[in-house]
Every structure is written in C-alpha cells, then in structure tokens.
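Presented below is the structure to which this report refers.
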Protein chains: 2
Amino acid sequence: MPHTYDYPRPALTVDCVIFGLDDEGLKVLLIERGIEPFEGQWAIPGGFVAPGESVDAAAVRELQEETGLKDIYLEQLYTFGEPDRDPREHVVSVAYYALVNLIEHDLEASTDARSAAWFSVDDVPDLAFDHNQIFDMALTRLKGKVRYQPIGFELLPKKFTLTQLQRMYEIILEKPLDKRNFRKKVLSLEILKALNEIEKDVAHRAARLYSFDERAYRRLQRKGVHFAI
Amino acid sequence: MPHTYDYPRPALTVDCVIFGLDDEGLKVLLIERGIEPFEGQWAIPGGFVAPGESVDAAAVRELQEETGLKDIYLEQLYTFGEPDRDPREHVVSVAYYALVNLIEHDLEASTDARSAAWFSVDDVPDLAFDHNQIFDMALTRLKGKVRYQPIGFELLPKKFTLTQLQRMYEIILEKPLDKRNFRKKVLSLEILKALNEIEKDVAHRAARLYSFDERAYRRLQRKGVHFAI
DNA sequence: GAAAGAAAGTGTGCATATTACACTCATGCC
DNA sequence: GGCATGAGTGTAATATGCACACTTTCTTTC
C-alpha cells in the first residue's frame with residue numbers, strides 16, 4: 001500500500017542498545033538480521049517508526065518484537081542522521097539504551113530477526129550499518145552516567161548485597177574500587193534501604209541485603225543534590 | 001512533485017535553540033513564524049530535513065536560512081517524537097542547541113520567518129508546537145553542561161577579561177561566584193592564554209585580556225582530565 | 001568439634017579540594 | 001588632588017577523597 005507526500009522525506013528508525021550484567025561481566029544484546037540488507041549479520045535491535053506512534057513507543061515495541069524483552073525503561077541516546085548509514089536510502093535512526101537484569105529477562109527472537117544473543121561488550125563483532133558507532137557511544141554514555149547517577153540498580157536483583165553492587169560498578173567502570181570507601185560513599189547517599197534479611201546458601205558469612213530506595217532518590221534529586229560514586 | 005513510499009513515515013525536522021549573551025543576561029533566538037501552522041507566533045528556528053542531507057547539516061542550513069547565522073557549532077540536544085506535537089501530522093524533530101556571541105552575529109530573517117529576535121531566557125513567550133518544552137530542556141542542559149565543560153567561551157568575544165568570564169558563569173548558573181576562588185579555579189585549568197593586552201576605554205584600572213586556548217583544552221580532554229567550574 | 005577457608009564488616013590519618021573572607025592598587029574622571 | 005570603579009591578590013578552616021589491614025561470622029571439611 002503506497003503512501004505519497006508532497007516532499008520527499010528520510011525514513012525513520014529506532015535502535016536499542018541493551019546492556020545486561022552476569023557473572024562474567026557486562027553484556028550487550030544483539031540480533032542476527034533475518035532480512036536484507038546485512039542479512040545474517042549481527043546488529044542492534046530496532047526497526048521503523050510508524051506514523052502516529054511516538055518514537056519512544058516505537059523503540060519499546062521493536063525491542064519486544066525482536067527480542068521478547070518488555071517493561072524496559074529506555075533512555076534516548078542520540079540520533080544518527082548521516083545519509084549513507086543505510087545502503088538502501090537515507091534512514092535516520094533514533095538510538096536508545098537501557099540496562100536490564102540478565103537473569104530476569106528471557107530472550108526470544110522473532111520478527112525480522114533470526115536470533116538474539118548476549119555478547120560481552122569486549123567482544124562485539126562487526127555490526128550492520130553504523131551500529132558499532134552507536135554501540136560505542138552507548139557504552140561511553142553508560143560509563144559516564146553511572147558515575148554520577150544511580151542507574152545500574154536495574155542490573156541487579158531487587159535485593160542485593162553491597163558487594164554485588166560494588167562488583168557491578170567495578171565491571172562497568174573497569175577498575176577496582178576500595179571496599180570501605182565504596183560502602184561509606186554509597187551508604188552516605190541514603191538511597192539504599194537496609195533490609196532485615198541476609199543472603200542465603202553461601203559458604204561464608206551471609207551479607208546483609210539492601211534494596212534501592214527510589215523514593216529517597218527522587219526526593220534528593222528534586223533538591224538538586226549531586227551524586228557521585 | 002509527489003513522493004511515494006511503500007510504508008508511511010513520519011516527517012522529520014530539526015530545531016535549533018540558540019543562546020546568546022549580552023550585558024542584560026542570557027538570551028535565546030526566536031523567529032516569528034511566517035506560515036501556518038502557528039503563523040505569527042514565536043518559535044525556535046528550524047525546518048524539514050531533506051533526504052540525502054545529514055540531519056546535522058539540515059540544522060545548520062535551516063538556522064542560516066531563518067536567521068542568517070552561520071558557522072555555528074550546533075550540538076544535538078534530544079529528539080522529540082510525540083505524534084501530536086505538530087497539528088498537521090506526525091513530525092519528529094531533532095533538536096540542537098548552540099551558544100553564540102551576540103555581538104559578532106547579525107540577524108536577518110528570511111525563509112518562512114517574518115522576523116528573528118533575541119529574548120531573555122526569563123521572558124520567553126508561548127511558543128509554537130512543543131517548543132517551550134524543547135527550550136526548557138536546552139536551558140537545563142546548558143546549565144548542567146557549563147559546570148564541567150568549558151563551553152560558554154563561544155558566548156564571549158575572542159579576547160575577554162576574567163571578570164567578563166565570571167559574569168557569564170554567574171548569569172548562566174544564576175548564582176554569584178567568589179572572585180578569588182573563581183580566578184584560582186579557572187587559571188588552574190590551564191586552558192586560558194594570558195595575552196599581553198589589556199582592556200581599553202574603561203573608567204578604572206584596565207584588566208588583562210585572556211583567550212581560550214583550545215589546543216590546551218583538547219590536550220587535557222584527551223588525557224581524560226575532568227573540569228568543573 | 002576443631003581447623004581452615006571465604007567473604008563480611010569496620011576506622012583512621014594524610015592529602016587534596018573547596019569555601020569563606022578584605023584589603024591595596026591602578027586608572028580615569030571631575 | 002580626590003574620588004569612584006573595578007583589578008588583583010593570600011590564608012585559614014573545613015570538607016572530601018583516598019590509601020590501607022584486621023577481626024568477625026559462618027560454612028565446609030576432616
């Protein structure tokens with residue numbers, strides 16, 4: 001069904017860089033393209049924006065269609081608008097990124113995608129289009145943002161130990177942190193709720209569990225308090 | 001001349017939030033719309049992206065067409081993609097922002113714009129489309145960014161005094177800064193070149209002039225040094 | 001049930017950065 | 001010559017960042 005406009009216009013897509021964390025380190029979610037161009041090559045999940053659908057909504061929809069992930073909070077990264085980034089025609093892409101807890105989400109490839117899989121961020125293959133550039137920007141943004149905004153709690157289970165939290169920061173920032181200083185710092189922010197619960201089934205002293213106190217965080221954010229970890 | 005595509009697609013525009021500084025404070029550049037919709041209402045300069053033209057290039061072109069400003073470094077702000085932001089149809093807009101030295105640039109309204117004028121950021125009228133929202137985001141971003149990136153030098157003449165620089169920061173951040181601490185800080189960054197020149201025609205002791213040392217800045221940036229003012 | 005292993009939990013001192021604060025000096029104007 | 005205006009300059013108090021090591025608790029193994 002053809003559609004006609006008075007003036008030509010570029011096509012518009014969304015792409016979603018999804019980061020996850022497991023024991024091995026930081027991962028990124030890629031799909032194997034099922035259609036041309038770049039059929040069979042790995043790419044960031046995404047697709048075309050339909051008119052009448054907000055761009056944010058398109059990103060959420062495409063992510064679910066291609067990978068099965070839902071209820072993900074996507075944050076806008078950047079818009080890539082070079083005319084030659086797609087060999088077919090001028091396609092402008094709004095890129096998003098998000099962090100998810102690897103364990104809580106199951107993957108299932110579908111529309112336009114042969115398969116979906118997690119790749120270590122240190123081992124990302126040659127991607128379709130300019131997706132390596134998009135991925136690089138997302139990783140840079142993630143590293144920059146994680147230092148002064150308490151994102152990253154998405155990557156952990158609801159209840160976590162301070163050591164798990166520290167390990168997450170060490171993986172993302174790619175550097176070791178001092179245990180005592182880290183605990184001092186993160187507790188002084190007062191955005192963690194100490195639970196009356198401890199770890200189970202560990203072969204050593206069980207650590208206290210904490211949860212992220214989103215209300216306390218928002219309260220501080222409204223006051224304009226600055227964070228840094 | 002109609003253009004036909006297999007699938008419908010939203011239209012794509014760019015919008016440019018341009019900040020300037022003069023004695024009175026921080027200003028923003030607006031145009032009075034010469035065509036429907038919102039004819040006669042003030043708006044952020046911008047326009048449609050042509051296929052084959054990078055989105056960045058479209059922003060630069062539209063800015064010049066509507067206001068006469070050229071050689072401006074535009075930084076991407078955010079992409080606004082709600083389907084109802086334009087009453088005609090779904091129009092997605094990539095917003096940019098920039099800082100310019102008010103004195104060095106002359107305005108001249110042209111295509112689609114009746115006139116262009118500078119407005120105090122505290123006194124922005126009701127704008128067309130969702131442009132108030134775009135403006136608010138640009139101002140927030142500017143305030144956030146100016147504290148840890150030496151942007152803002154664009155707002156000043158090439159040669160400036162430390163007092164002028166301080167005044168600029170005070171205007172953007174909307175708070176007074178201590179003269180001695182400010183000088184200590186900004187000089188310790190070593191991104192200013194002290195010139196062998198002083199102010200002229202002032203009714204008091206003439207201040208030393210400085211210029212922004214872009215090479216020194218880039219050198220430090222490559223080393224990953226952090227700034228804060 | 002004693003010993004060994006594993007990670008939890010905790011405080012201090014030094015170095016650096018941030019903040020508050022006030023006077024003298026140079027110049028132009030009247 | 002005196003006055004008005006802003007330029008230029010240092011120090012002390014406080015807060016923050018950073019390096020660093022041992023004891024406690026619990027599980028497992030023998």
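Letters A, B, ... are given to chains in the order of the sequence lines, protein chains preceding strands, and every chain is numbered from 1.
Within residues 182-193 of chain A, the residues approached by DNA chain D to less than 4.0 Å at the level of any non-hydrogen atom are A:K184, A:K185, in residue-number order. Taken residue by residue, residues 166-175 of chain B places no heavy atom nearer than 4.0 Å to DNA chain C.
Open room surrounds CD on B:E190; 12 or fewer heavy atoms of other groups in view lie less than 6.0 Å from it. Other residues, nucleotides and ligands contribute at most 12 non-hydrogen atoms within 6.0 Å of the CZ atom of B:R167.
Place A:N181 and A:A206 on DNA chain D by their nearest nucleotides, and A:N181 ends up nearer the 5' end. Map B:K179 and A:Y210 each onto its nearest nucleotide of DNA chain C; the residue landing nearer the 5' end is A:Y210.
To the nearest 0.5 Å, atoms CG (B:D15) and CD1 (B:I134) are separated by 4.5 Å.
Taking 4.0 Å as the cut-off between side-chain N and carboxylate O, A:K145 and A:E75 count as a salt-bridged pair.
You can see that DNA chain D meets the heavy atoms of chain B within a 4.0 Å-exclusive cut from D:dT5 to D:dT11, reading 5' to 3'.
For the side-chain contact (heavy atoms from CB on, under 4.5 Å) with B:K27, the qualifying choice from B:D22, B:L21, B:V100, B:V124 is B:D22, the only one to do so. Each of A:K179, A:K184, A:R183 was evaluated against A:N181; a single residue qualifies, A:K184, per the side chain to side chain donor-acceptor pair (under 3.5 Å) test.
Formation of a donor-acceptor pair under 3.5 Å by the A:E32 side chain with backbone atoms of A:S115 is not found in this model.
In terms of heavy-atom proximity, A:L195 sits nearest to A:Y210 at CD1-C, 4.0 Å. Pairing each heavy atom of B:G20 with each of B:W118, the nearest pair is N-CZ3, 3.6 Å.
No hydrogens or angles were tested; on distance alone, nothing pairs the side chain of A:R180 with the base of C:dA8 as donor and acceptor under 3.5 Å.
At a threshold of 4.0 angstrom between heavy atoms, the contacts of B:T161 with the nucleic acid are absent.
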